[in-house]
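When a ligand or atom number is given, it counts from 1 through the structure's own listing order. A quick note: this is a predicted structure, and the numbers were derived from the prediction, not measured.
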Amino acid sequence: MSISEPLQPIRKKIRLDSPFTDQKPGTSGLRKSTKQFSEPNYLESFIEAILRTLPGVNQGVLVIGGDGRYGNKQAIDVILRMAAAHGLRHAITTTGGILSTPAASNLIRYRKAIGGIILSASHNPGGENGDFGVKVNGANGGPAPESFTEQVYSCTKILEDYAIVDSSSISLDLPGQYSIGSMTIEVLDGIEDYISLMERLFDFDLIRSALKKGFPIVFDAMHAVTGGYATRLFEDCLGAPKGTVLNGLPLEDFGGGHPDPNLTYAKELADLLLNTDSYCFGAACDGDGDRNMILGQGCFVNPSDSLAILTANAKIVPAYSKGLVGVARSMPTSSAVDIVAKDLKIDCFETPTGWKFFGNLLDSDRITLCGEESFGTGSNHVREKDGLWAVLFWLQILAQKQCTVADLMSQHWSKYGRHYYSRHDYEDIPIDVAHDLYGRLELMLPKLVGQEFAGQTVKTTDNFSYVDPIDGSIASNQGLRIILDDGSRVVVRLSGTGTKGATLRIYLERYEHSNGNLRQHSQKALEPLIIGIDALAEITQRTGLERPTVIT
Ligand code: VG1
Ligand code: CO
């Protein structure tokens with residue numbers, strides 16, 4: 001079907017009353033409340049800044065899609081009309097406007113687009129009272145680097161007007177070809193290409209036969225973007241029974257839930273795996289499909305351990321059968337993968353929090369796999385973390401080894417030792433309280449060296465900064481680290497993705513050798529560190545919170 005708009009759609013310049021000074025992108029794009037995004041000209045002025053900054057806009061190809069949250073389709077309509085006004089040649093979007101972040105990364109790469117605009121606030125709640133977000137990815141398919149987002153931000157501060165074309169909305173109901181003026185638009189099924197990519201990476205036959213032999217799995221799409229992808233993957237392609245995918249229908253408000261796959265927000269799934277014997281394997285993804293949580297029967301896999309397990313077993317997956325060139329993890333992620341990398345004699349890089357920092361390492365073939373403690377794992381197949389990819393990776397390993405998740409974890413720890421690990425989040429605390437706490441702790445850091453902390457001696461302290469080994473760019477103030485004599489550590493960071501108040505993140509880690517006690521509860525094993533940092537940073541006292549809002 002093809003609908004042609006009038007040949008000369010009206011291009012207008014809308015004058016802005018005042019520039020928008022609060023459009024500073026955080027860890028991953030611009031994330032604000034839906035209400036703020038609904039203010040007149042708010043979205044438009046940010047998109048204008050992007051289209052003025054992104055290289056290749058004139059006659060370029062742009063990918064646009066989102067996680068289906070409230071405002072997704074309206075935003076696509078605005079972006080298409082602004083893209084036409086800025087001289088793009090072709091825009092690619094998807095049916096229902098549904099496109100997961102990793103699938104967008106794939107589309108950008110293989111359609112040789114100049115980049116993509118992804119409408120998502122990821123794991124933040126959606127709906128009229130929730131959050132909305134805009135992420136920009138570059139031609140490599142990955143999140144734009146800080147140099148780009150800084151430029152966009154500077155542009156928003158001086159913006160006086162934006163250009164848009166007047167035309168009626170195009171339908172996203174079915175695949176089709178359209179045009180607005182001289183810009184052509186392709187609406188395609190956002191799922192097909194992603195599934196074919198997965199088929200090229202994994203051995204679907206092996207997974208299919210393992211599932212058939214009686215390995216019941218369950219997947220929670222949390223009413224977010226992965227519903228359609230997961231149903232097609234697990235139920236249609238891999239033969240899992242109907243009903244394997246829970247909450248598979250994407251909803252504008254994610255069914256009122258918080259689409260963050262962790263033990264707090266994916267409790268329904270966690271209960272099925274931890275408190276019943278109905279399933280051998282369970283997994284969930286977040287709002288935009290880039291995060292994953294892995295569970296076995298009676299067993300939660302810590303994301304830092306997950307990265308280590310994937311690294312140790314990568315050769316099982318056809319795409320990585322020749323081995324890995326290197327791996328990377330974000331700084332707060334535990335060192336579980338470092339030990340595996342050492343054993344495999346491959347490089348292991350430590351980057352700041354945020355997927356954009358893996359981009360250069362992936363582009364220059366220095367790493368094959370990478371991951372973050374925040375339920376993100378990925379590889380060089382795209383330039384984003386990829387939730388369903390991680391689930392398939394786990395299924396491939398389990399199908400090949402014919403063992404349970406718990407067995408695989410035990411085997412791993414008895415070979416490499418165990419990194420007890422936990423993240424404590426204090427959400428929605430007053431911004432000044434958070435900054436005072438952080439600033440005070442930072443000032444204390446130099447004096448802590450050589451002092452006793454949590455029953456050990458403090459070896460080093462710093463505020464992590466990173467020099468990109470490829471382009472030499474520097475990212476500083478990436479988190480406070482207190483590293484103890486036995487290798488244990490506490491990291492303190494302020495989140496860059498929240499929209500209400502500030503979120504303080506405390507990352508706790510302690511290593512236990514393979515011949516030590518590997519069966520403790522992690523909160524118990526980390527207790528001295530938990531008590532130590534609370535006393536030192538005066539967390540309870542200053543925030544008034546007796547305990548963290550979320551413990552992972
Ligand atoms: C959080 C995570 C970080 C992740 C980021 C984006 O950032 O800690 O690891 O890369 O979210 O994930 P912060 O600044 O709040 O700690 V997503 O699923 O929003 O792309
Ligand atoms: Co996400």
Side-chain angles (χ1 to χ4, degrees), residues 24-32 66-69 99-105 116 118-126 130-137 142-144 146 149 221-222 224-226 254 258-262 265-266 284-293 303-304 306-307 328-334 350-359 370-378 382-390 423-429 434 438 464 475 477-480 491-507 549-550 552:
K24 190 163 178 62
T27 315
S28 87
L30 180 69
R31 212 170 282 197
K32 296 281 177 189
D67 64 11
R69 70 180 61 220
L99 185 62
S100 78
T101 291
S105 183
I118 304 171
L119 304 161
S120 172
S122 189
H123 53 284
N124 294 30
D131 291 336
F132 194 75
V134 176
K135 304 197 279 186
V136 185
N137 285 32
E146 281 197 321
T149 48
M222 306 189 84
V225 81
T226 52
F254 307 120
H258 199 134
D260 197 355
N262 59 36
Y265 296 124
C285 288
D286 72 333
D288 63 331
D290 55 3
R291 297 181 177 205
N292 71 91
M293 174 168 72
S304 298
S306 179
L307 177 62
R329 63 165 171 85
S330 69
M331 180 273 282
T333 305
S334 93
E350 184 178 37
T351 59
T353 294
W355 210 260
K356 56 184 172 236
F357 294 104
F358 295 132
C370 45
E372 295 189 277
E373 48 63 43
S374 53
F375 298 87
T377 7
V382 286
R383 293 295 180 273
E384 285 279 4
K385 50 189 181 270
D386 188 343
L388 287 167
W389 166 90
R423 185 175 103 182
H424 289 194
D425 295 330
Y426 296 82
E427 296 177 335
D428 196 9
I429 55 181
Y438 188 90
F464 181 63
N477 194 21
Q478 297 295 320
L480 309 179
V491 174
V492 178
R493 259 189 84 243
L494 293 174
S495 156
T497 59
T499 55
K500 268 193 258 144
T503 294
L504 178 72
R505 303 202 195 283
I506 312 289
Y507 308 83
T549 332
V550 179
T552 305

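Within the structure, ligand 1 has Arg31 among the residues with a heavy atom less than 4.0 angstrom away. Within the structure, ligand 1 lacks Ser330 among the residues with a heavy atom less than 4.0 angstrom away.
Residues Glu372 and Arg329 are not paired through a salt bridge, judged by the lack of any N-O separation under 4.0 Å between the basic side chain and the carboxylate.
Only protein N, O or S atoms were considered, and those under 2.8 Å from the Co ion (ligand 2) are Ser122 OG, Asp286 OD2, Asp288 OD1, Asp290 OD1.
Of the protein's non-hydrogen atoms, Ser374 OG, 3.5 Å is the one closest to atom 2 (C) of ligand 1. For atom 20 (O) of ligand 1, the nearest non-hydrogen atom of the protein is Asp290 OD2, 3.0 Å. Residue, atom and distance of the protein heavy atom nearest to atom 7 (O) of ligand 1 are Thr497 CG2, 3.5 Å. Ranking the protein heavy atoms by distance from atom 14 (O) of ligand 1 puts Thr27 OG1, 2.5 Å first.
Applying the side-chain hydrogen bond (donor to acceptor under 3.5 Å, both in side chains) rule to Ser120 yields the partners Asp67; only residues at least two apart in sequence or on another chain are considered. When the side-chain hydrogen bond (donor to acceptor under 3.5 Å, both in side chains) test is applied to Asp428, no partner is found at least two apart in sequence or on another chain. Judged as a side-chain hydrogen bond (donor to acceptor under 3.5 Å, both in side chains), and not counting sequence neighbours, Thr351 has no contacts.
Judged by distance alone, with hydrogens and angles left aside, the side-chain atoms of Asp286 form a donor-acceptor pair with the main-chain N or O of Arg291 at under 3.5 Å.
Contact annotation: for Thr503 versus ligand 1, there are no heavy atoms closer than 4.0 Å. Contact annotation: for Lys356 versus ligand 1, there are no heavy atoms closer than 4.0 Å. Only the side chain of Arg423 comes within 4.0 Å of ligand 1, counting heavy atoms alone; its backbone N, CA, C and O stay farther away.
The residue from Ser495, Pro303, Ser122 that puts a heavy atom closest to atom 19 (O) of ligand 1 is Ser122. Of the options Glu372, Lys135, Arg291, the smallest heavy-atom separation from atom 5 (C) of ligand 1 is shown by Arg291.
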